[in-house]
*Asks:* 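Below are the structure tokens for one structure; questions will follow.
Protein chains get the first letters and strands the later ones, always in sequence-line order, with residue 1 at the start of each.
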There are 2 protein chains.
Amino acid sequence: MTITDVAKAAGVSRQTVSNTLNSPEVVRDETRKHVLEVIERLGYRANQAARQMRTGRSRLIAIGIEPDGDGISGSWADRFLHSLSETAAQEGYRILLYTAADDRSEIATYEDLLGAYQPDAFVLTGTHHDDLRASWLLERGLPFVAFGRPWSDLPDARHPWVDVDGAAGTEAATRHLLATGHRHIGFIGWPPGSGVGDDRREGWARTLSSPGVQRAVEDGIAAGESAARDLLGTEPEVTALVCASDSLALGALQAREPDRPVAVIGFDDTPAARAVGLTSVHQPLGEAAAACVELLARALESPDAGPPSAHVLLSPSLTIRQSA
Amino acid sequence: MTITDVAKAAGVSRQTVSNTLNSPEVVRDETRKHVLEVIERLGYRANQAARQMRTGRSRLIAIGIEPDGDGISGSWADRFLHSLSETAAQEGYRILLYTAADDRSEIATYEDLLGAYQPDAFVLTGTHHDDLRASWLLERGLPFVAFGRPWSDLPDARHPWVDVDGAAGTEAATRHLLATGHRHIGFIGWPPGSGVGDDRREGWARTLSSPGVQRAVEDGIAAGESAARDLLGTEPEVTALVCASDSLALGALQAREPDRPVAVIGFDDTPAARAVGLTSVHQPLGEAAAACVELLARALESPDAGPPSAHVLLSPSLTIRQSA
DNA sequence: CTGAAAGCGCTAACAC
DNA sequence: GTGTTAGCGCTTTCAG
């Protein structure tokens, strides 16, 4: 079914139908209403390919999906994608998926995609220092939003982003522990240098009145366990641990001695945390995805606004369970 | 950049470029090679919208993404999507995402999508008895593949599907327990009626020489815990439990008494299982997704083959950890 | 094997 | 306000 069929059925010209859809204000109220009724009755949908050829806009938003690492900390994509897709649909966009192993291959995919499907915008996840993808897109003036702050102070890094305030999360965790009577609260995090990890450490550190003890290891349950065992062994006063991830926290849980209760708080509120009763910092992934779409939609509606660089920093919440 | 630019740069007509891409056999070897070089050098990509208008094919595969339930058993979408997207790209297809709360709204989304983006095929997940989606697509002759068997004996249900053999998984779990000396192996599953759940129960039941004891509850950690507590309390001989999901198994783990070791095996090999050392049946999601794409790609290349109904039943494996 | 013409469905300019 | 025209980039006839 084409726009011509609708025009015939409604007894108007093709343009009137097109106008009803694209410039409603230019059509008489009565006519518009009638046309919309016919469209509804016939179940007509404008052919996106034809529309795209004319307008150059695909109403497609592309997002990359990475293979998750240990599968524990990495399982946020599900919820994020669901919300992204839902919000996008409400705004009249659809989500196009692609995979990429690293920045370089992701950029190659951009070229592919832009040549073939011409997505209107990209959503970047897993931003990091010296992100090649962001600068590539920036250079070409392509609309995108990053889920994750640009962890760099380059003037380049001025683009819209949405992120969850990791420091606020560990601060909330630390405050909760202080409120429940803990006085010596340790931290298990990642080696310095990763924006996300440093941010989470900062929230813990700034909440304590005097410097606390900490360990830094690569992410993982086993690493978390040995780090916690080491820390608890060296520091007998420590009664609570804040961790940079649920993986680390799960390891810390296993490092506890039977006769020495230690409160543990993780980060990400993964299914695994729920499964074992681990208190954890919960990220509002649905809101984050919705914010990404909002930012993009706004930028795409008004391309004249120049390089948009709105930022959204969302606050995580603390999901309290048995572990703390 | 258009096909005309390539033609100019290569010193041939537009048609020769088009033929090189779409009917390579009709172009002289030498010419084709030259054209391909120019295409490569210029980084030309055929505009998909224009191509689609001519051919009616979008090279888009649509898949629905559901909000996962408790987030433990439901977190398979990640891995599946990644592999789906990757395999599809290799075959020249891209993945279009949509969300739907139930069958009816999913069908409404089909109509939307078909009118606007015209995906070439759909991937259905979470198949169930009396699946409205499958019959709707079948009626209209639209290509699709289901991840999950059609749990019905209707003659209608003849469409391609890919699935993991759940019964083989619980059978492997039960065999493993028998091999490690267990003689009284119970089962915690879901109420009869769900295809997936019945299938998993069947694998356990058929492996035992004499009928074993079982409980059936809705999915969830709490439900699994009370079901396991009840079963173990009533049946003092039971030393091992096979569960229909990791959620149930996690509950079962918590139901154990300190002085009575009970082996527990879950299903899905979720991150949570890894986190707590739960032995679990692992589904080959990557292979499953790849098989879905293969089936669709084959059906789409040869539309004359009538209603294709190839089936792929993959065998799960057992990931053995401390719990059994 | 290569070149010319038509048209997929739509929307942005124009005339009416 | 409404109807007519052109053309987005491509592939598929059909002549050469």
Side-chain angles (χ1 to χ4, degrees), chain A residues 1-36 38-39 42-60 92 112-120 300-301 303, chain B residues 1-36 38-39 42-60 92 112-120 300-301 303:
Chain A
M1 176 174 27
T2 78
I3 204 171
T4 312
D5 300 320
V6 177
K8 273 184 196 151
V12 299
S13 78
R14 293 183 353 196
Q15 265 40 45
T16 306
V17 180
S18 177
N19 285 336
T20 306
L21 257 25
N22 303 296
S23 318
E25 70 282 1
V26 97
V27 180
R28 204 195 314 159
D29 270 25
E30 196 188 344
T31 314
R32 191 182 57 230
K33 217 177 151 188
H34 173 57
V35 171
L36 286 174
V38 174
I39 287 179
L42 266 47
Y44 167 78
R45 300 293 193 296
N47 180 313
Q48 185 51 45
R51 175 177 269 184
Q52 179 182 343
M53 282 196 68
R54 235 2 233 158
T55 63
R57 303 192 44 194
S58 63
R59 305 205 70 90
L60 242 27
D112 236 85
L113 251 25
L114 287 167
Y117 292 92
Q118 309 184 321
D120 291 340
L300 291 171
E301 302 313 333
Chain B
M1 176 175 27
T2 78
I3 204 172
T4 312
D5 300 319
V6 178
K8 272 184 196 149
V12 298
S13 77
R14 294 184 351 196
Q15 271 46 36
T16 305
V17 179
S18 176
N19 285 335
T20 304
L21 257 26
N22 303 297
S23 318
E25 70 282 1
V26 96
V27 180
R28 204 196 315 159
D29 270 26
E30 195 186 346
T31 316
R32 191 182 59 227
K33 217 176 150 188
H34 173 57
V35 172
L36 287 175
V38 174
I39 287 178
L42 265 49
Y44 167 78
R45 300 293 193 294
N47 179 313
Q48 185 51 43
R51 175 176 268 186
Q52 179 181 346
M53 281 195 71
R54 257 324 259 176
T55 64
R57 302 192 44 195
S58 62
R59 304 206 69 90
L60 241 30
D112 237 85
L113 251 25
L114 288 166
Y117 291 91
Q118 309 183 321
D120 291 339
L300 292 171
E301 302 314 331

*Asks:* If we fit an axis to the first five pairs and another to the last five of the helix from C:dC1-D:dG16 to C:dC16-D:dG1, what angle do they make, to the nearest 10°?
*Replies:* 40°
*Asks:* For B:Q118, which residues count as a side chain to side chain donor-acceptor pair (under 3.5 Å) partner, sequence neighbours excluded?
*Replies:* B:Q52
*Asks:* Any salt bridge (charged side-chain N to carboxylate O under 4.0 Å, His left out) pairs touching residues 3-26 of chain B, not counting sequence neighbours?
*Replies:* none
*Asks:* Using the test side chain to side chain donor-acceptor pair (under 3.5 Å), find all partners of A:T31 that sit at least two apart in sequence or belong to another chain.
*Replies:* none
*Asks:* Who pairs with A:R57 by side chain to side chain contact (heavy atoms under 4.5 Å, CB included), at least two apart in sequence or on another chain?
*Replies:* A:T55, A:R59, A:Y93, A:D120, A:L300, A:E301
*Asks:* Classify the nucleic acid contact of A:S13 as base, sugar-phosphate or nothing, counting any heavy atom under 4.0 Å across all strands shown.
*Replies:* base
*Asks:* Whether B:T31 contacts C:dC1 is assessed here as follows: a side-chain N or O lying under 4.0 Å from the phosphate OP1 or OP2. Is that the case?
*Replies:* no
*Asks:* Separation of B:K8 atom NZ from C:dT2 atom P, in whole Å?
*Replies:* 19 Å
*Asks:* For A:R54, what residues pass the side chain to side chain donor-acceptor pair (under 3.5 Å) criterion, not counting sequence neighbours?
*Replies:* none
*Asks:* Give the first and the last nucleotide of DNA chain D, reading 5' to 3', that has any atom under 4.0 Å from a heavy atom of chain A.
*Replies:* D:dG1 to D:dG9
*Asks:* In sequence, state the C-alpha distance, the side-chain angles, and the governing distance for B:V38 and B:Y44, and then conclude on side-chain contact (heavy atoms from CB on, under 4.5 Å).
*Replies:* CA-CA 8 Å; B:V38 174; B:Y44 167 78; over 6 Å; no
*Asks:* In chain order, what residues pass the side chain to side chain donor-acceptor pair (under 3.5 Å) check against B:D112, with sequence neighbours excluded?
*Replies:* A:R45
*Asks:* For a quick check, with a 4.0 angstrom heavy-atom cut-off, what is the B/S/- contact string for nucleotides 9-16 of chain C, read 5' to 3'?
*Replies:* BBBB----
*Asks:* Got a sec, which residues hit side chain to side chain contact (heavy atoms under 4.5 Å, CB included) with B:T20, two or more places apart in sequence or on another chain?
*Replies:* B:T16, B:V27, B:R32, B:V35, B:L36
*Asks:* Taking side chain as C-beta onward, heavy atoms only, is A:T2 less than 4.5 Å from A:N47?
*Replies:* no
*Asks:* According to side chain to side chain contact (heavy atoms under 4.5 Å, CB included), who are the partners of B:A116, at least two apart in sequence or on a separate chain?
*Replies:* A:Q48
